[in-house]
Number of protein chains: 2
Amino acid sequence: MEIKTKQQGIKVVADVLDIVGGKWRGQILAHLCDDPKRFNELKTVLNRITSSTLTKELRYLEDIKMVERKIIQDTPMIVEYRLTTHGMSIKDLIYHIVEWGLKHRDTVFGK
Amino acid sequence: MEIKTKQQGIKVVADVLDIVGGKWRGQILAHLCDDPKRFNELKTVLNRITSSTLTKELRYLEDIKMVERKIIQDTPMIVEYRLTTHGMSIKDLIYHIVEWGLKHRDTVFGK
DNA sequence: GGTTTAAGTATCCTGAAAACTACCGGTAGT
DNA sequence: ACTACCGGTAGTTTTCAGGATACTTAAACC
C-alpha cells in the first residue's frame, strides 16, 4: 500500500479518474453520498440522463463494488441504490473535490 | 465560497471532473506536480500520447490557468511546462486521489 | 379496457475525443 | 548533403460513450 515508483502513482491517478470520470459517475456517487436513492429519483435529479445510460452507469458502479442495488419491494417494483460500506470511502474524496472546486472555480472557470 | 444547495455541490463535482477528467489531463497534472517538464519529456512519460493530443491538452490547461508554458531558449527550442501558482493547489487533490486509489484499488479493480 | 407508474431492455445513431499520418522551421552533427 | 532532434501544426479518420427512441412486465387505478 505504498507508492514505489512515480509511474505507479500516475497510474493510480489515471485509474481513479477512470472510475469517477465520465459525464455521470461522479455525479451519481455524489448524490448517493447523502442517502440511498431510487432509480427514478436519480433519473430526475440527474437532469437529462436517459434510462439506458443510468442503468449502464449503475451496473458499472455495482461491478466495481461501489454501489449496491437493493430490491425493496417486488410489486410495485421499488429499487434502491446505495453506496456499499466500501463505497462510502469515496465521500471524503468527493468532499476534497468540492472543496477544491469552490476555492478555485473562479480562476479556472474564468469569471 | 460555500455550498448553498445540494445541486450546487454536485455541479462543482461535475465541473472539477471535467477539468481533471479525460484520458490525459489528470496524468499531465500529476506529472507536473513534482517539477516542470519539457514537451518531449511529457510525451515520453505519457506513453502513447501523440504530439497533437498533448498540444491540445496543454493549451487547454494553459487556458484555464493551471499550467504555464515558458520558452527557456530559442534555438535550440526549449519549452518548459509547469504548474502556475494557482495550479499548485491541485497537488493536494491529486494526493487525495492517490491515497484513495491505493487504499481501494484492490476491491475496486478486482484482484 | 385503457392509462399510469416503476424500473428497466434493446437497438440504432451521433458527436466529440483521441489517434493517425504527414508535415514545418530551425539547428547540430557526420 | 543528409539525418536527427525539438516543439510543434494541419487534416483526416477511427472509436466509443452517451443520446434517442421504442418497447417490456406487472400491478393498480379510473
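We name chains A, B, ... by the order of the sequence lines, and we start the count at 1 in each one. The basis for the numbers below is simple: all heavy atoms, side chains too, and nothing from hydrogens, waters or symmetry mates.
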- Query: Ion pair present between A/E68 and A/K70, side-chain N to carboxylate O less than 4.0 angstrom?
  - Reply: no

- Give the rounded distance in Å between these two atoms: CG of A/L46 and C1' of D/dA17. 16 Å

- Task: Look at the aromatic rings of B/H96 and A/H96 and report parallel, tilted or perpendicular, splitting at 30° and 60°.
- Result: parallel

- Angle class for the A/H104/B/H86 ring planes (parallel below 30°, perpendicular above 60°, tilted otherwise)? perpendicular

Which part of the nucleic acid, if any, lies within reach of [X] when heavy atoms closer than 4.0 Å are counted: base, sugar-phosphate only, or nothing?
X: B/R25; answer: nothing
X: B/K56; answer: base
X: B/L54; answer: nothing
X: B/E57; answer: sugar-phosphate
X: B/Y60; answer: nothing

- Message: For B/T53 and A/N40, find the nucleotide of DNA chain C closest to each by heavy atoms; which residue's nucleotide sits nearer the 5' end?
- Response: A/N40

- Summarise how protein sits on nucleotides 23-30 of chain D as a single string, 5' to 3': B when a protein heavy atom is under 4.0 Å from the base, S for sugar-phosphate-only contact, - for no contact. ----S---

- Any donor-acceptor N/O pair, A/R69 side chain to A/R59 backbone, under 3.5 Å: no

- Item | A/K43 side chain vs A/L54 backbone, donor-acceptor pair below 3.5 Å | no

- Query: Considering the options A/L46, A/V45, A/V20, which one meets the side-chain contact (heavy atoms from CB on, under 4.5 Å) requirement together with A/I28?
  - Reply: A/L46

For the hydrophobic clusters of this structure (ILVMFWY residues joined by side-chain heavy atoms under 4.5 Å, transitively), does one cluster hold both [X] and [Y]?
X: A/Y95; Y: A/L32; result: no
X: B/I10; Y: B/L17; result: no
X: A/V67; Y: A/I72; result: no

- For A/S52 and for B/V79, locate the closest nucleotide of DNA chain D by heavy-atom distance; then report the residue assigned to the nucleotide nearer the 5' terminus. B/V79

- Contact nearer the 5' end of DNA chain D, comparing B/T55 with A/I49: B/T55

- Message: At a heavy-atom distance below 4.0 Å, which nucleotide of DNA chain C is the first touched by chain A, and which is the last?
- Response: C/dA6 to C/dA10

